[in-house]
J.: 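Structure incoming, see below.
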2 protein chains.
Amino acid sequence: MPGTVQSIERAAAVLRLLAGGSGRLSLAEISRSLDLAKPTTHGILQTLRKVGFVEQDRVSGHYQLGAAMLRLGTGFLDVNELRSRSINWADPLAARSGEAVRIGTVLDGQVLVVHHVFRPDDTFQTLDVGSLLPIHATALGKALLAYRADGAAAPAALDRFTSRTAGTQRELTEALRAVREAGWSAEVEELHRGEASIAAPIRAYGGLVVGAIGISGHVERICDSHYRPRPALVANVRDAARAVSRDLGATFRGGAP
Amino acid sequence: MPGTVQSIERAAAVLRLLAGGSGRLSLAEISRSLDLAKPTTHGILQTLRKVGFVEQDRVSGHYQLGAAMLRLGTGFLDVNELRSRSINWADPLAARSGEAVRIGTVLDGQVLVVHHVFRPDDTFQTLDVGSLLPIHATALGKALLAYRADGAAAPAALDRFTSRTAGTQRELTEALRAVREAGWSAEVEELHRGEASIAAPIRAYGGLVVGAIGISGHVERICDSHYRPRPALVANVRDAARAVSRDLGATFRGGAP
DNA sequence: AACGCCATTCGACAATGTCGAACGTCGGAA
DNA sequence: TTCCGACGTTCGACATTGTCGAATGGCGTT
């Protein structure tokens, strides 16, 4: 592809490798994984080290991501419009529903969590902003997937986390059709036993789905005795999604211009 | 500097600019800021866009950081040894002291927050992992600064946030000397009115100070009636710092090998 | 002591990134 | 409307710059 810079692509690949890999990597491992000559990889790593994107362990010589990356990551959050617009509505949703709220968007066929509000009453929960969730086994993911024009976003292999996870493309397609019809999505024990979630799509200007907002918690709180999501909670989630969408400039039938 | 890659340095500068700048920037603004030719900047941006590090607004053409940066940022947190080791000790410290706990390290003459535990009883606090704090007006910063061999880490200009902030190099130097003598640091209304904090350095193998852990909260809870940090809280903080340091392989006089 | 693996340095080649000039487009001003 | 300026983008040629093979020195293991 002309007009792009080869060395920057390679540097990005190095950073991805360091982020995805389990901790530190040696120069040899990196150069082997990317099929680059050792001196080439060394030059890239030295540059990344100079700018603070990677750090090098003095004794082992191994490389890992540097502190500057954290700044860039949170810098993205500051700029991210989906997140900044949704913060104002996530807190009320958490308060009204009594459950943890998460906002996500699609990244590489998975759900990237860009905002997270803890369940109001509970303590000692782990923040998972920045983590990736499977797109086919979460309410957030299904809400995002159902409205994507590019079906390519659907993963080829569907990992089965529990017996309730959609395991085939047929099941998933049917589930997405139901989501489109209902306007919201749910997931009951498809990712973790005993947990369920409800989500709705967030639309930006033009009606394009750019994210999803949802709640998740213990199945007995999210669902009624028939394992069906409680209508009151569904209404809460849909209202929040509508509010965020309106902030982002989306219009609804009969709504303001 | 030989052995480094020019284009990667430039790409890093672009990313920094996008992270530091207020939101979206145009191609012309970026190329002007970095004193690069427009086509050069364009090539860099296209490459960064291809790998997901920046996104481009379709209508305005302006650029902003992309979602992939968030992944790399949190990837740093996963790998960061200081953070992973300190998590186990931060929760108990928060529980015992009843205050919010933060762990920080030095980045570019400021304090980078790498971990944050909310105050146990309270709700609706904002997470500030990834944010930068002034190094001369926080207990974390003074704990870090006091033990740095390279005095260059001390900022040239000392912003005065309140009337209690150390405004001159003399004041700061004296404060750091006191920290070294005591082995812990404190800050009372030096950054925000009504707030105070206590911190202690975290040492890694070899005794090198690699971070600091501390608590912060309302001044009347952190301090006694004479505006002096409560000894019990100081002990809690120092114990936590020692525990983390031991996990990182530091040894103390008379300690284990 | 000898081997293998490692990170790093050197030097030469050409592949690659850079930049000036030019194009198409948009928005505002005359 | 027409003009003007600024913008993002494309093209092509030059030489800067990144790349890679070979070689070095250091470490831990055999």
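Chain identifiers are assigned alphabetically (A, B, ...) following the order of the sequence lines, protein sequences preceding nucleic acid strands; residue numbering begins at 1 within each chain.
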J.: With sequence neighbours excluded, what pairs up with E81(B) under the salt bridge (charged side-chain N to carboxylate O under 4.0 Å, His left out) test?
T.: R24(A), R85(B)
J.: Any idea which heavy atoms bring L191(B) and A137(B) closest together, and the distance?
T.: CB-O, 3.5 Å
J.: Please check the phosphate of dT19(D) (OP1 and OP2 only) for any side-chain N or O of R10(A) closer than 4.0 Å.
T.: yes
J.: Salt-bridge test for R102(A) and D128(A): reply yes if a basic N is under 4.0 Å from a carboxylate O, no otherwise.
T.: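 Salt bridge flag = yes for D128(A) with R102(A).
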J.: Please identify which of these residues, I44(B), L45(B), V14(B), V5(B), meets the side-chain contact (heavy atoms from CB on, under 4.5 Å) condition with I8(A).
T.: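 Answer to the side-chain contact (heavy atoms from CB on, under 4.5 Å) test with I8(A) among I44(B), L45(B), V14(B), V5(B): I44(B).
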J.: Separation of I30(A) atom CD1 from dT8(C) atom C1', in whole Å?
T.: 14 Å
J.: Hey, does the side chain of T40(A) come within less than 4.0 Å of dG18(D)'s phosphate (OP1/OP2), counting only N and O?
T.: no
J.: With sequence neighbours excluded, tell me which residues meet side chain to side chain contact (heavy atoms under 4.5 Å, CB included) with A90(A).
T.: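 Listed in chain order: V101(A), I103(A), H115(A), V117(A).
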J.: Let me know the distance between CD of E9(A) and C1' of dT16(C), rounded to the nearest Å.
T.: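 E9(A) atom CD is separated from dT16(C) atom C1' by 12 Å.
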J.: Measure the distance from CG on L34(B) to P on dT18(C) and round it to the nearest whole Å.
T.: 12 Å
J.: Return the value, rounded to whole Å, for the distance between atom CD1 of I44(A) and atom P of dT17(D).
T.: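 Rounding to the nearest Å, CD1 of I44(A) and P of dT17(D) are 17 Å apart.
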J.: Provide, to the nearest angstrom, the distance between the CG atom belonging to L36(A) and the C1' atom belonging to dA15(C).
T.: 15 Å
J.: If you compare every side-chain N and O of Q6(A) against the phosphate oxygens of dG18(D) (OP1, OP2), does one of them come in below 4.0 Å?
T.: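 No.
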J.: Can you give one letter per nucleotide of nucleotides 4-12 of chain D, 5' to 3': B if a protein heavy atom sits under 4.0 Å from the base, S if only from the sugar-phosphate, - if neither?
T.: ---SBBB--
J.: Below 4.0 angstrom, N of the basic side chain to O of the carboxylate: do R49(A) and E55(A) qualify?
T.: no
J.: Please confirm whether the shortest side-chain N or O distance from S7(A) to OP1 or OP2 of dG18(D) is below 4.0 Å.
T.: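 So the side-chain polar atoms of S7(A) never come under 4.0 Å of the phosphate oxygens OP1 or OP2 of dG18(D).
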J.: Over how many whole Å does the gap from D35(B) atom CG to dT18(C) atom P extend?
T.: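 Rounded to the whole Å, the gap is 14 Å.
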